[in-house]
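Structure record follows, encoded as structure tokens.
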2 protein chains.
Amino acid sequence: MPVDLTPSQALGLWHEVTMQQVHADGRDLTLRQLAILLEIYLVPPPHTVRGLAAKLGVTKPVITRALDTMGEQGLVTRMRDDRDRRNVIIKRTVDGALYLERLGDLIIARGHTLVP
Amino acid sequence: MPVDLTPSQALGLWHEVTMQQVHADGRDLTLRQLAILLEIYLVPPPHTVRGLAAKLGVTKPVITRALDTMGEQGLVTRMRDDRDRRNVIIKRTVDGALYLERLGDLIIARGHTLVP
DNA sequence: GCGTTTCGTTACGCTACCGTACCGGTTCTC
DNA sequence: GAGAACCGGTACGGTAGCGTAACGAAACGC
């Protein structure tokens with residue numbers, strides 16, 4: 001069941017959601033940080049720094065820094081992998097799930113107010 | 001004709017589009033900058049610095065800086081208002097329209113590949 | 001005309017992200 | 001067990017955004 005949008009609807013949706021995010025969200029995540037967060041929560045684990053870097057097409061420090069920032073905000077957690085202690089496994093948190101749940105609600109709500 | 005999305009579709013759409021933006025777009029606009037750009041192109045003119053600041057809920061320097069950056073990239077232009085020379089009118093450009101057109105196409109394309 | 005208000009911009013110190021390069025710790029290979 | 005390979009993190013200099021505060025130019029009020 002694909003989602004069919006007119007050009008006006010597509011940009012209108014982006015406009016309203018982005019506007020709401022700017023206006024209300026105190027977290028102010030970067031585009032890259034949001035991409036990382038969505039990847040962690042929407043794609044089945046496990047997630048590693050290297051894996052995320054490859055998937056996003058960015059360097060490792062970008063992932064490390066993003067995880068630092070989002071970790072301070074409680075959106076994600078890190079744990080060493082006991083089976084291969086070089087790896088770090090990125091884990092989801094309740095706060096992170098809540099944050100994305102609210103983002104989803106916002107998108108859905110804005111979708112309803114669109115006209116073609 | 002509202003756009004109905006399931007939670008999974010809403011976040012999935014955001015995920016894929018954000019991912020594509022991170023991976024491909026060399027411009028790397030801030031969330032605020034994107035919001036300003038969308039406001040300029042989707043809402044009827046005229047647009048002023050003060051008006052945009054009020055609409056976005058941010059301070060004036062934020063708008064000035066964003067317009068500086070996006071101006072260098074050719075996404076917007078500024079002109080003094082001849083009727084009230086205190087004002088600056090923000091104008092659209094061909095490059096800016098093209099940029100948003102491509103963003104719209106990307107959103108539509110990703111919408112088609114979604115499953116509920 | 002002259003003070004006041006309204007514009008957008010600039011200055012300043014600060015914070016956060018960027019890419020490159022390098023590091024310590026762990027595993028693999030032979 | 002020694003060397004190479006791999007993983008995440010850190011250091012460093014540079015850049016860009018932030019908020020507060022001040023500024024010059026223009027319009028308004030009386």
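Chain letters run A, B, ... following the sequence lines, proteins first, then strands; residues in each count from 1. Since we're looking at a predicted model, the values are computed, not measured.
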Fill in: Contact letters for nucleotides 22-30 of chain D, in which S counts primed atoms plus P, OP1 and OP2 and B counts the base, heavy atoms under 4.0 Å
----BS---
Fill in: ring pair (Phe, Tyr, Trp, His ring centres under 6.0 Å) contacts in which one or both residues fall within residues 8-44 of chain B, not counting sequence neighbours
A/W14-B/W14
Discussion item. Can you pull out the residues from residues 32-56 of chain B that lie within a 4.0 Å heavy-atom distance of DNA chain C?
Written reply: B/T48, B/V49, B/R50
Fill in: Sorted by number, the residues of residues 63-73 of chain A with heavy-atom contact under 4.0 Å to DNA chain C
A/R65, A/T69
Practice prompt. Could you go through the side-chain contact (heavy atoms from CB on, under 4.5 Å) check for B/T30 and B/L34 one step at a time?
Written response: CA-CA 6 Å; B/T30 303; B/L34 181 59; over 6 Å; no
Worksheet item: Are the side chains of B/I40 and B/I36 in touch, meaning some heavy atoms are under 4.5 Å apart?
Response: yes
Worksheet entry | Minimum side-chain heavy-atom gap A/P45-A/R92 below 4.5 Å | yes
Discussion item. According to salt bridge (charged side-chain N to carboxylate O under 4.0 Å, His left out), who are the partners of A/R110, at least two apart in sequence or on a separate chain?
Written reply: A/E16
Worksheet item: Over how many whole Å does the gap from A/D28 atom CG to D/dC18 atom P extend?
Response: 7 Å
Can you give each donor-acceptor pair under 3.5 Å made by side-chain atoms of residues 94-106 of chain B, sequence neighbours left out, with the distance rounded to 0.1 Å?
from	atom 1	to	atom 2	distance (Å)
B/Y99	OH	B/D25	OD2	2.8

Practice prompt. Please find the earliest and latest nucleotides of DNA chain C, in the 5' to 3' direction, that have an atom within less than 4.0 Å of any heavy atom of chain A.
Written response: C/dC17 to C/dT27
Item to complete: Begin from the C-alpha positions of B/L29 and B/T69 and carry the test side-chain contact (heavy atoms from CB on, under 4.5 Å) through to its verdict.
Response: CA-CA 9 Å; B/L29 293 185; B/T69 302; 5.5 Å; no
Discussion item. A/L38 vs B/M19, test: side-chain contact (heavy atoms from CB on, under 4.5 Å). Steps then yes/no.
Written reply: CA-CA 9 Å; A/L38 284 165; B/M19 204 64 99; over 6 Å; no
For residues 70-83 of chain B, please give each side-chain donor-acceptor pair under 3.5 Å, one per line with the distance, not counting sequence neighbours.
from	atom 1	to	atom 2	distance (Å)
B/R78	NH2	B/D68	OD1	2.4
B/R80	NH1	B/R86	O	3.3
B/R80	NH1	B/N87	O	3.4
B/D81	OD1	B/R83	N	3.0
B/D82	OD1	B/R85	NH1	3.3

Worksheet item: Do A/Q20 side-chain atoms and A/V17 backbone N/O form a donor-acceptor pair below 3.5 Å?
Response: no
Discussion item. Once side chain to side chain contact (heavy atoms under 4.5 Å, CB included) is applied, do any residues pair with A/A10, and if so which ones, sequence neighbours excluded?
Written reply: A/L5, B/I107, B/I108
Item to complete: For residues 46-62 of chain A, pull every pair meeting side chain to side chain donor-acceptor pair (under 3.5 Å), keeping only residues two or more places apart or in separate chains.
Response: A/E39-A/K55
